[in-house]
Asker: 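Quick one: the structure is below, questions incoming.
Positions are given from 1 along the sequence.
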Amino acid sequence: MSCSNSNVVKWVEQSVALLQPERVVWVDGSEAEYKGICDLLVEQGTFKRLNPEKYPNCFWCVSDPKDVARVEDRTFICSKSEADCGPTNHWRDPREMYDLLYSIIRGGMRGRTMYVVPYLMGPDGSPFSKVGFELTDSPYVVANMKIMARIGKVALKNLPDHSNDFVRGLHTIGQLDSEKRYICHFPEDNTIISINSNYGGNALQGKKCFALRIASCQARREGWLAEHMLILGITNPAGKKIYVTGAFPSACGKTNLAMLIPPKLYTDAGWKVETVGDDIAWLNFGSDGRLYAINPEAGFFGVAPGTSYATNPAAMDTIRANTIFTNTALDLDNMTPWWDRMTDQPPKRAKDWLNRDWTPASKDKPAHPNSRFTAPAGQCPTIAPEWETPNGVPISAIIFGGRRTKVAPLIYEAFNWQHGTYTGVTMCSETTAAAEGKVGQLRRDPMAMLPFIGYHAGDYFQHWLDIGQRAGAVLPRIYHVNWFRRNAAGEFMWPGYGDNMRVLEWIFDRVTAGKDAEKTALGFQPRPSDVRTAGLSISDSTMRELFEVRPEDWREELDSQSKFFETIGSKVPKALWQEHAALKQRLGLK
Ligand code: SAT
Ligand code: MN
């Protein structure tokens, strides 16, 4: 394959001189090439082919045991000025970081193949899509990129010949040395260099590195939003369709919400929920002043444990073909993947994620808690037919959410964009056993973007406010949800999963029909009877408790928000402090 963009060719030549690979392969993105890469991975012993009847064209693999997750303490923003990086990121001087990285990787691809992976983030032909290149010595990365992004010829087609507007990415697995693991972003150069890791979020550069960290910087410069959000289409029985996006910290059911199957009551009546994206949304203004979202990705890189026909049937159907399973268990009798809570019956004989023999008598869980599936989004049974529409889908509502035992009610609507921005900035979640650290700790995670804002968080908050000030903007409404509120006995009060449709219905009616609501200290809230409970065994008093706003709980919450703002420092926009003070006053707190 040849590339007619001389900027790309020149940079690839320079990179070849630096890394000195034995061979250079330009990836064209064809199925035949993908098959060849997978065959190579099978030959090398990295991939095991799964049962061709049950899981056609699927592969199982395990990673280096010390290379199983994103590494935030090894992730750097290398902006010229430290003040542009801010307190939520690790900063390094770009010159020093280039020198260090080049000294580590010089000649590092000797004897190896360098794959040049052109990739397109966003639909083919979209004015909002962007092109990147990842030069990598990892065939595993090439195989995963094939699923997660649109790679090869289609990416080159979307890059004008003389354009210099592409992201330059170097990736080498080196020796997988965790001491020399660096995930580095150079926002002023649109460059990413990640080394010594082969894990998704570190190595598949299109995802967090480009589509969030680098893109958030581009979005700030260009007047749009690059967000860690799912995108959903919701259609009512009359055939009216709206689109919403949602940002949730990890372990809040974001993937399940992205593939929500409504209760039968709703599907029988003609309601439909469809998936446009499960992780990232790029939001641009259309000529009508509305925000339009594209999903820059082409696949799902989902957490396996907990995924089952009970919790997420659409995900289970998506991963039945053309999927790569990393660090799950392998059922040796059936040659199928397995993980905790996938089925009631564990395999009799399996390999665990450390490639050890496993039986139900073994003491460890066989799949790593962060084991993943990489699956093409187009295979999802709930995928919206328009998920690749070049102009994106118009967004009517943005939903923020967290996991809160107390404090946050089931749902409220922000008064306006500025108040909604404040709601997103102060998002917070309790940690679960799924993440490292103490369970039940509160963690602030503004817009679920804490590890992904590629610049100063205070400037990012201001950018959100600026979006709201744009002349002629017709902005989505902003909501906050909490599916996880508990009663005094510590039990979840809301059933969650598909029943979250009941809350989506209220949002739908608010944005399409202006359904009335109660004005409270927090914003607009449904009266308990406004959320449909037919078919649920939930008492009126529980419904009231789900919506209750208790000023005493909020006192602590507001103190904790102030502390968080102080960690961000003087760049926290005044408007957000004003929202904080106004909320305190509305709650009657001194
Ligand atoms: O860990 S990844 O960044 O690859 C996936 C995720 O956190 O959404
Ligand atoms: Mn994510």
Side-chain angles (χ1 to χ4, degrees), residues 229-230 232 234 236 242-249 252-254 256-258 260 262-263 266 271 273 395-417 419-430 447-448 475-487 492-534 536 538-551 553-554 557 579 583 586-587:
M229 290 176 175
L230 59 82
L232 277 184
I234 311 170
N236 77 355
I242 66 162
Y243 299 91
V244 307
T245 62
F248 295 80
C252 289
K254 185 171 160 201
N256 294 339
L257 183 61
L260 181 139
Y266 282 84
W271 284 91
V273 174
I395 298 304
S396 299
I398 294 174
I399 306 174
F400 293 121
R403 173 184 283 270
R404 303 299 302 264
T405 298
K406 306 190 293 184
V407 185
L410 182 61
I411 180 160
Y412 60 93
E413 180 185 298
F415 292 122
N416 52 47
W417 184 267
H419 179 227
T421 298
Y422 163 74
T423 306
V425 162
T426 52
M427 255 170 78
C428 185
S429 208
E430 283 148 21
M447 277 81 170
L475 298 161
R477 296 201 199 181
I478 299 179
Y479 295 84
H480 187 279
V481 300
N482 175 23
W483 317 132
F484 302 95
R485 198 166 189 177
R486 298 186 194 226
N487 62 17
F492 290 116
M493 291 189 282
W494 181 248
Y497 296 104
D499 286 309
N500 293 334
M501 180 65 214
R502 299 164 189 272
V503 174
L504 296 182
E505 180 187 15
W506 185 74
I507 294 176
F508 190 103
D509 290 344
R510 281 289 291 166
V511 300
T512 60
K515 189 182 168 88
D516 66 339
E518 210 166 12
K519 198 167 176 187
T520 72
L522 298 188
F524 295 109
Q525 290 189 253
R527 281 169 292 269
S529 59
D530 289 342
V531 169
R532 199 196 295 258
T533 53
L536 291 182
I538 192 164
S539 68
D540 290 351
S541 72
T542 299
M543 284 306 284
R544 279 198 299 279
E545 209 180 327
L546 274 165
F547 290 103
E548 204 182 322
V549 180
R550 293 192 194 122
D553 290 348
W554 278 87
E557 168 64 21
E579 289 293 339
L583 173 57
R586 289 195 302 271
L587 287 161

Asker: Mark yes or no for whether T423, through its side chain, and H419, through its backbone, hold a donor-acceptor pair below 3.5 Å.
Answerer: yes

Asker: Could you check if a side-chain atom of L257 sits within less than 4.5 angstrom of a side-chain atom of L230, using non-hydrogen atoms only?
Answerer: yes

Asker: Which residues pass the side-chain contact (heavy atoms from CB on, under 4.5 Å) test with F524, not counting sequence neighbours?
Answerer: E413, F415, R510, A517, K519

Asker: Tell me whether R477 contacts the main-chain N or O of G420 through its side chain, where contact means a donor paired with an acceptor under 3.5 Å.
Answerer: no

Asker: Using the benzene-type ring in the case of Trp, are the ring centres of F400 and H480 under 6.0 Å apart?
Answerer: no

Asker: Excluding sequence neighbours, so at least two apart, what forms side chain to side chain donor-acceptor pair (under 3.5 Å) with N482?
Answerer: none

Asker: Can you name the residues that form a side-chain contact (heavy atoms from CB on, under 4.5 Å) with S541, not counting sequence neighbours?
Answerer: S539, R544

Asker: Mind checking whether W271 and F508 have ring centres under 6.0 Å apart?
Answerer: yes

Asker: Any donor-acceptor pair under 3.5 Å linking the side chain of W494 with the backbone of R485?
Answerer: no

Asker: Between I411 and Q525, is any pair of side-chain heavy atoms under 4.5 Å apart?
Answerer: no

Asker: By side chain to side chain donor-acceptor pair (under 3.5 Å), which residues pair with T405, not counting sequence neighbours?
Answerer: E430

Asker: So, does N500 use its side chain to make a donor-acceptor pair with the main chain of Y497 at under 3.5 Å?
Answerer: yes

Asker: Among all residues two or more places apart in sequence or in another chain, which pass the side chain to side chain donor-acceptor pair (under 3.5 Å) test with R532?
Answerer: Y266, E505

Asker: Looking at S429 and R403, would you say the former's side chain and the latter's main chain have a donor-acceptor pair under 3.5 Å?
Answerer: yes

Asker: Quick one: does Y412's side chain get under 4.5 Å of V549's, heavy atoms only?
Answerer: no

Asker: Among residues at least two apart in sequence or on other chains, which ones pass side chain to side chain donor-acceptor pair (under 3.5 Å) with E548?
Answerer: R550

